[in-house]
Number of protein chains: 2
Amino acid sequence: MKQEINENTENKIIEAANSVFEKKGYDGTKMQEIADTAGINKALLHYYFRSKDKLFEMIFSMAFRKLVGKLEFLFDENIPVIEKIKIFIDQHTDFIAANRHLPLFIVNEVNRRPEIFVKLLSGIYEKDDRLHRLLAQIEKETKEGVLKPFDPRHVFLNMIAMNIFPFAAKPLVKGLLRMSEDEFRQFITERKRIVTEIIINSIAAK
Amino acid sequence: MKQEINENTENKIIEAANSVFEKKGYDGTKMQEIADTAGINKALLHYYFRSKDKLFEMIFSMAFRKLVGKLEFLFDENIPVIEKIKIFIDQHTDFIAANRHLPLFIVNEVNRRPEIFVKLLSGIYEKDDRLHRLLAQIEKETKEGVLKPFDPRHVFLNMIAMNIFPFAAKPLVKGLLRMSEDEFRQFITERKRIVTEIIINSIAAK
DNA sequence: GGAAGGTTTAACCAAATAGTTAAACCGGTT
DNA sequence: AACCGGTTTAACTATTTGGTTAAACCTTCC
């Protein structure tokens, strides 16, 4: 019983902290607001997570893994590169739409305090073999004449940038392009097709 | 003389406030740090700009105009669309490189407090005729068979996204792709060509 | 020289905020 | 029923921070 209550409270805190930190960033977040959101006392927050820094570090690394984890599909799946990209863009766009503040949160906090992300990096470096397998796959398909030679780093960045930007800058985009919420949704649906086309076009052999 | 001193101090404040706000955002910025950066007393800051909000509003609207102003080239210049895009990407990339924190600053603050940007929008809407001229130009070149039909909103967003993202997420990109500062610079130089190619490809008639 | 007026500073204030403490609470155990 | 452990709370503390005040400091003008 105790355990259940305990985990329940802990989860409520984590959920609340996640929501507030993602939206407002470290500096914009007050412990009181997290407590309020979780429906608990501020002292209880410190009982479960000693300090704002400790709590933040936990939320941040969770968020980071969540975001980077979505990339695993690119490495793991054993399907042709072009097919892979089609599926990835579709899924990734949906994921970002459902987690609008996540990418900006990560980018901001890594900019603000790069140290927080250095330790998380090593966990990624360890999975180097997967990267090599992907590069080998690309090389193979290039030799087969399916793909033309290209720099995967740029393609990767282009894809991520085009996927993330409209959501990260959503109020700006809606404002500048004068869109309603519905038009924005429509716009995003169109984008999936357009971005996929552009990326495929930039790597497919003619 | 008074006037000179006055403007000198005011400029020092504006420069300092700009630098600190852009890097740390509204919440991360302390008036004391601005004062220190400007080499003046905190009270003097309040003498020139009554409150943090007032100072911020000024810096923000300056920054916003600076960023949006760079887009004017797209509307004003009377040269073929494809040529326009080539020049724009080259110049815009250099501009963002020299103002790394600017786009993220704008995006963040508009996300955090959309009202601050509503009033700035009207100033842009007033220049609607330029937008219509650009759209007419595109339509004309499409009819001439130079361009294929496309949605300018997506093309615009794609261009901006690919230009801005690597700088906004610079530490992340450098970390994940394991680049030195020199390699990053090199990478950006390559990007100009690649992004230009991709964008042109997505609008040029075959 | 000194009065006048804008500029600059040191010292201060009040509110916000991260973090602490000690007591109350509550479920299970004997 | 009394107690023991972990959990929760109200009340408090210390520090940070935006903002104020009153005096000191020029510079200009008479």
Side-chain angles (χ1 to χ4, degrees), chain A residues 1-63 105 108-109 112-113 115-116, chain B residues 1-63 105 108-109 112-113 115-116:
Chain A
M1 288 303 101
K2 290 270 183 66
Q3 195 60 6
E4 265 175 38
I5 288 162
N6 178 314
E7 278 179 16
N8 194 24
T9 304
E10 199 167 318
N11 283 344
K12 278 195 305 185
I13 293 177
I14 290 174
E15 249 177 76
N18 192 65
S19 149
V20 179
F21 272 131
E22 269 189 26
K23 259 180 257 172
K24 311 205 167 177
Y26 182 90
D27 291 322
T29 295
K30 315 294 168 223
M31 291 299 263
Q32 187 59 60
E33 189 177 352
I34 295 178
D36 292 347
T37 306
I40 58 160
N41 189 290
K42 184 162 64 92
L44 197 51
L45 218 54
H46 284 93
Y47 176 75
Y48 277 89
F49 299 87
R50 221 159 306 162
S51 68
K52 186 182 180 184
D53 277 309
K54 287 257 189 350
L55 180 54
F56 173 79
E57 200 183 309
M58 200 215 169
I59 298 297
F60 176 82
S61 74
M62 274 175 53
F105 171 61
N108 275 327
E109 301 304 335
R112 231 81 96 181
R113 302 205 304 287
E115 12 15 299
I116 61 174
Chain B
M1 290 306 100
K2 290 269 183 68
Q3 196 62 6
E4 265 176 39
I5 288 164
N6 177 314
E7 277 180 17
N8 194 26
T9 304
E10 199 168 318
N11 283 344
K12 278 195 304 185
I13 292 177
I14 290 175
E15 249 178 77
N18 192 66
S19 150
V20 179
F21 272 131
E22 269 189 27
K23 259 180 257 172
K24 311 203 166 179
Y26 181 90
D27 291 323
T29 295
K30 316 290 168 228
M31 292 299 263
Q32 189 59 59
E33 188 177 352
I34 295 178
D36 291 347
T37 307
I40 58 161
N41 189 290
K42 183 163 65 93
L44 197 53
L45 216 56
H46 284 93
Y47 176 75
Y48 278 90
F49 299 88
R50 221 159 306 162
S51 68
K52 187 184 179 182
D53 277 307
K54 287 256 188 353
L55 180 54
F56 174 79
E57 200 183 310
M58 198 213 171
I59 297 298
F60 176 81
S61 76
M62 274 174 54
F105 171 61
N108 275 327
E109 301 304 335
R112 230 82 95 182
R113 300 206 302 288
E115 20 3 307
I116 61 174

Side chains of A:Asp53 and A:Tyr26, donor plus acceptor under 3.5 Å: yes
CG of B:Asn8 versus C1' of C:dT8: gap in Å, rounded? 14 Å
Report the nucleotide, chosen from D:dT8, C:dG19, D:dG18, that has the shortest atom-to-atom distance to any side-chain atom of A:Tyr48. D:dT8
Phosphate contact (D:dT7 OP1 or OP2) by A:Thr9 side-chain N/O below 4.0 Å: no
In this structure, how many angstroms lie between the P atom of C:dT7 and the CZ atom of B:Arg50, rounded? 14 Å
Whole angstroms only, please: what is the NE2-C1' distance between A:His46 and D:dT8? 15 Å
Does anything in residues 19-42 of chain B come within less than 4.0 Å of DNA chain D? Heavy atoms only, and list the residues if so. B:Thr29, B:Lys30, B:Met31, B:Lys42
5′-ward residue of the pair A:Ala43/A:Tyr47 relative to DNA chain D: A:Tyr47
What about B:Phe60 and B:Phe21, are their ring centers closer than 6.0 Å? no
In Å and rounded to the nearest 0.5 Å, what is the NZ to CE distance from A:Lys52 to A:Met31? 8.0 Å
Going by distance alone, is a donor N or O of one side chain under 3.5 Å from an acceptor N or O of the other, for B:Gln32 and B:Asp36? yes
For B:Leu44 and D:dT20, give me the distance from atom CG to atom P, rounded to whole Å. 14 Å
Note, B:Phe105 side chain near B:Lys23 side chain (heavy atom, < 4.5 Å): no
In whole Å, what is the span from the NZ atom of A:Lys12 to the C1' atom of D:dT8? 11 Å
On the ring face of A:Tyr48, is A:Lys12 found with NZ or CZ under 6.0 Å from the centre and within 45° of the axis? no
